[in-house]
Amino acid sequence: MEPDALVSYAPLAPAPAASVDARLALAEQLLACESARGCARAVVEWLPAHAQALAAACVAREEPGARMTCLAAQGLSEAQQAALAAWSDADPTHPLADVLTQAVPRFFPKERAPLPSPGAQGLFAVPLGRAGASPVGLLLVWATTPELPAEVAWVAGHAGPFLARQATSGPLAAGGSELFRRIIDAVTDPVLLTDLEGRARLANARAEALLMAGPDASHGRRRAVHLNQRVFSAAVASSASGGQPGVSWREVPLVDPVEGLDLLFELVSTRVYEPDGRAAMVSVLRNVTDLGRATQALGESYRRLRATEREARSERHRLDRVLDSVADPIILSDPSGVTVMMNEPAERLFSLPPEGGRAAQRRVRSNHATFVSFLANVLDTGGSPRWRGHLSLVDPTSGATLPVEAVASKVLGEGGELTGIVTLFQDRGEALEKARLLERLKEVSTLLEARVQVATAELAEQNEKLRRQAIQLEQASAAKSQFLANMSHEFRTPLNAILGYTNMLLQGVSGELTAPQKRNLTRIDSNGRHLLEVINEILDITRIEAGRMPLHLSDFVIPELLQEVMAEMDPIIARSKLTVTTHLGARLPPVHSDRQKVKQVVLNLLSNALKFTHEGTVKVVAEYQPSSSMLTICVEDTGIGIAPADQEKIFEDFQQVDSSPTRAYGGTGLGLSICRRLADMLGGRVTLQSTQGQGSAFTLHFPRRPRRT
Ligand code: ADP
């Protein structure tokens with residue numbers, strides 16, 4: 001058997017998720033309907049809400065050739081509804097009668113529609129009825145598209161059998177026996193008036209087809225009819241003998257006399273009394289074979305719908321989850337550009353925020369307009385599967401401009417047809433900001449480069465100046481050293497002459513001297529010697545600075561050198577009240593260095609120690625550190641000591657702790673600075689440890705062998 005639909009349509013596209021519930025609701029409503037009008041009303045109310053229908057109506061005829069009755073209408077005026085019923089299928093010129101006869105749905109474009117409805121593209125007339133039987137009515141739908149909407153086809157297929165069953169179950173009151181005959185013949189269910197044993201007195205056409213056979217009927221048909229009669233009579237008799245007043249129901253299995261198929265009927269019997277007082281039974285046989293199948297099919301379709309719904313829900317749920325997990329806005333559009341789905345970030349741009357005012361509304365509209373025009377470009381691109389564009393959207397809440405890159409990808413079906421468009425929006429703000437910063441960076445870098453060039457030029461100029469100054473200084477220093485050397489020489493010659501003559505006078509070469517003369521000459525001698533010492537020291541410094549004091553390296557031993565120093569200092573030591581001792585460390589090795597310079601440093605340190613120590617001891621300690629190959633000669637005294645603030649200063653030229661004119665100690669302030677220079681030449685240094693009031697320890701450190709010769 002064919003499915004319970006009047007016409008078969010192309011396979012329906014899967015129902016959009018939103019309509020699954022609606023379909024189920026309509027199916028349940030149809031199952032519960034008890035009248036044709038109820039069914040029709042449910043259908044026409046459902047269509048405008050769920051299919052692309054502007055108006056819908058359901059018309060049916062009571063019997064072939066009769067005028068149409070408008071069972072229900074939606075979106076039509078009273079006059080339009082009246083016009084719907086103003087024709088019958090017996091009128092061959094009426095275009096709708098033709099649809100009913102052909103039993104094939106037809107679309108009437110709006111200019112040729114028998115009943116125009118403003119705004120509609122045209123009118124669909126879809127026959128309604130049970131499979132295999134002629135249609136009982138039409139479903140009229142004023143649609144916005146010329147293609148038969150899938151929902152309309154679905155509704156016609158499902159509601160047709162319901163309407164067929166119920167549209168014919170209420171004949172109009174008979175106006176005479178002919179009319180009565182026509183009426184009961186028009187009833188699609190077999191109807192019989194029988195005696196109490198089930199023998200027929202009156203039967204409609206359907207009942208005759210089932211329970212009666214003419215003399216020229218085939219053997220098979222006669223047998224089937226005979227069988228049916230026996231079953232039917234037994235059932236009626238049993239109902240009659242049941243003695244129950246009112247209506248009795250029972251199921252009776254009969255056979256289709258034409259095709260020999262098993263049929264199941266519901267027998268509804270009522271006891272009536274004829275005008276002559278005889279009891280009779282009115283029986284209506286309702287073929288529930290189809291109903292059973294229809295129920296089964298409906299159940300099946302219901303289950304399928306449920307399964308599809310579940311699948312669609314889980315699919316949708318999964319898709320929603322995937323889409324929502326993407327941080328960028330995504331919109332899924334159908335091939336006509338209508339938005340089907342969008343994720344949350346996209347909703348923030350394209351949906352009105354909960355408390356959005358007029359401004360937000362305007363921004364959302366503007367975003368929509370931008371997106372729609374972008375999609376129009378995408379759809380115009382033809383074969384290109386991907387399309388990119390830079391759009392300027394607006395944040396509906398803050399009104400901030402959002403520069404985005406929209407990437408639209410076309411989704412193609414198995415046959416290569418366009419089934420949807422997925423558009424992904426990526427924020428370009430950061431990229432633009434980066435580009436702006438890069439530009440700024442370039443500007444700053446150019447500026448910086450220019451500044452560096454200027455600074456480099458200035459620096460080069462300064463360097464040049466410094467170089468010139470350095471040369472000038474060098475020349476000045478050389479000139480100064482030369483001058484000092486010359487002057488020292490010029491000083492020393494007459495000074496030595498003065499000292500020589502003074503000495504001669506003191507020795508009485510020019511005769512005996514008086515005591516005052518002797519005293520004055522002694523002063524001249526002492527001051528002259530001091531002056532000579534100053535001049536010698538200045539000369540030493542200038543020679544060192546002028547590089548005129550080269551190293552004279554030789555091998556010597558420290559004990560011998562110290563012995564010499566002690567011998568030279570002996571007169572001064574003898575004059576002092578100090579205990580002066582020498583300590584030699586174990587394993588003092590022979591030394592390869594400038595003996596004269598080492599001696600000069602030690603002499604200087606020792607003479608300072610003797611000068612600044614009034615009582616106590618002065619120790620000269622020589623040691624060797626094999627790990628560093630360094631020798632140390634330390635001159636340690638218990639003298640006046642040096643304050644920490646002065647310990648650095650005293651190594652500079654002409655610096656003394658007490659430089660006042662009334663100072664207690666003589667000297668030039670050049671001794672230590674010469675020692676430092678000499679130690680430096682030896683590759684060593686002079687260090688000092690001193691505590692004021694307790695004493696000082698000056699140490700000469702120098703390598704056993706000079707590192708540079
Ligand atoms: P001068 O002894 O000729 O003044 P120096 O350069 O030899 O010059 O010494 C600089 C100063 O360092 C001295 O004037 C003195 O104040 C201080 N000084 C040097 N040696 C000692 C020492 N052993 N004890 C205390 N002060 C010292």
Side-chain angles (χ1 to χ4, degrees), residues 484 488 491-492 495 526-545 549 562 565-566 568-569 571-573 575-583 596-622 632-682 684-702:
L484 286 174
S488 303
F491 282 141
R492 278 207 302 181
L495 192 57
S526 138
N527 281 299
R529 282 185 196 285
H530 178 68
L531 189 58
L532 186 62
E533 191 188 326
V534 172
I535 289 168
N536 279 339
E537 285 181 342
I538 289 175
L539 195 61
D540 277 352
I541 287 182
T542 51
R543 275 165 62 204
I544 292 169
E545 283 189 348
M549 193 185 270
L562 291 185
V565 170
M566 288 297 177
E568 276 184 37
M569 295 302 285
I572 304 170
I573 294 169
R575 273 204 304 273
S576 73
K577 296 171 213 152
L578 303 170
T579 314
V580 180
T581 53
T582 307
H583 302 266
Q596 183 50 41
K597 291 186 175 63
V598 175
K599 185 179 164 188
Q600 194 176 338
V601 173
V602 179
L603 269 173
N604 205 309
L605 297 180
L606 185 57
S607 81
N608 274 351
L610 295 170
K611 185 159 67 173
F612 296 104
T613 308
H614 303 299
E615 54 187 15
T617 56
V618 172
K619 275 197 278 181
V620 180
V621 183
T632 54
I633 301 174
C634 176
V635 182
E636 207 180 313
D637 63 53
T638 54
I640 59 173
I642 304 156
D646 297 322
Q647 290 183 6
E648 273 294 312
K649 193 179 90 175
I650 54 170
F651 286 95
E652 290 166 19
D653 296 347
F654 301 107
Q655 291 296 333
Q656 296 174 308
V657 171
D658 180 8
S659 54
S660 64
T662 56
R663 62 184 190 271
Y665 305 96
T668 58
L670 286 171
L672 286 177
S673 70
I674 291 173
C675 286
R676 183 173 53 80
R677 283 180 170 89
L678 291 176
D680 197 44
M681 288 179 76
L682 293 172
R685 64 192 194 282
V686 177
T687 58
L688 165 64
Q689 278 182 319
S690 180
T691 310
Q692 206 171 11
Q694 290 184 16
S696 312
F698 286 86
T699 310
L700 165 68
H701 307 252
F702 68 101

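Atoms considered below: every heavy atom in the structure, side chains included; atoms not considered: hydrogens, waters and symmetry mates. Start at 1 and go down the list; that is how both ligands and their atoms are numbered.
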(request) Not counting sequence neighbours, which residues clear side-chain contact (heavy atoms from CB on, under 4.5 Å) with Ala679? List them please. (result) Val686, Leu700

(message) Taking the basic N atoms (NZ, or NE/NH1/NH2) and the acidic carboxylate oxygens, is any pair closer than 4.0 Å for Asp680 and Arg677?
(response) no

(request) Work out which heavy atom in Gly671 is nearest to a heavy atom in Asn604; give both atom names and the distance. (result) CA-ND2, 3.4 Å

(request) Would you tell me whether Thr699 and His701 have side-chain atoms, one donor and one acceptor, within less than 3.5 Å of each other? (result) no

What does the contact table look like for ligand 1 (nitrogen or oxygen on each side, cut-off under 3.5 Å)?
{"residue": "ligand 1", "atom": "2 (O)", "partner": "Asn608", "partner atom": "OD1", "Å": "3.2"}
{"residue": "ligand 1", "atom": "2 (O)", "partner": "Lys611", "partner atom": "NZ", "Å": "3.1"}
{"residue": "ligand 1", "atom": "3 (O)", "partner": "Thr668", "partner atom": "N", "Å": "2.9"}
{"residue": "ligand 1", "atom": "3 (O)", "partner": "Gly669", "partner atom": "N", "Å": "3.3"}
{"residue": "ligand 1", "atom": "4 (O)", "partner": "Gln656", "partner atom": "NE2", "Å": "2.6"}
{"residue": "ligand 1", "atom": "4 (O)", "partner": "Gly669", "partner atom": "N", "Å": "3.3"}
{"residue": "ligand 1", "atom": "6 (O)", "partner": "Gly671", "partner atom": "N", "Å": "3.2"}
{"residue": "ligand 1", "atom": "6 (O)", "partner": "Leu672", "partner atom": "N", "Å": "2.8"}
{"residue": "ligand 1", "atom": "7 (O)", "partner": "Asn608", "partner atom": "OD1", "Å": "3.3"}
{"residue": "ligand 1", "atom": "7 (O)", "partner": "Asn608", "partner atom": "ND2", "Å": "2.8"}
{"residue": "ligand 1", "atom": "8 (O)", "partner": "Gly669", "partner atom": "N", "Å": "3.2"}
{"residue": "ligand 1", "atom": "16 (O)", "partner": "Val657", "partner atom": "N", "Å": "3.2"}
{"residue": "ligand 1", "atom": "20 (N)", "partner": "Asn608", "partner atom": "ND2", "Å": "3.4"}
{"residue": "ligand 1", "atom": "23 (N)", "partner": "Asp637", "partner atom": "OD2", "Å": "2.9"}

(message) Side chains of Thr581 and Val621, heavy atoms from C-beta outward: is any pair under 4.5 Å?
(response) no

(request) State, with a plain yes or no, whether a side-chain heavy atom of Thr687 is found less than 4.5 Å away from one of Thr632. (result) no

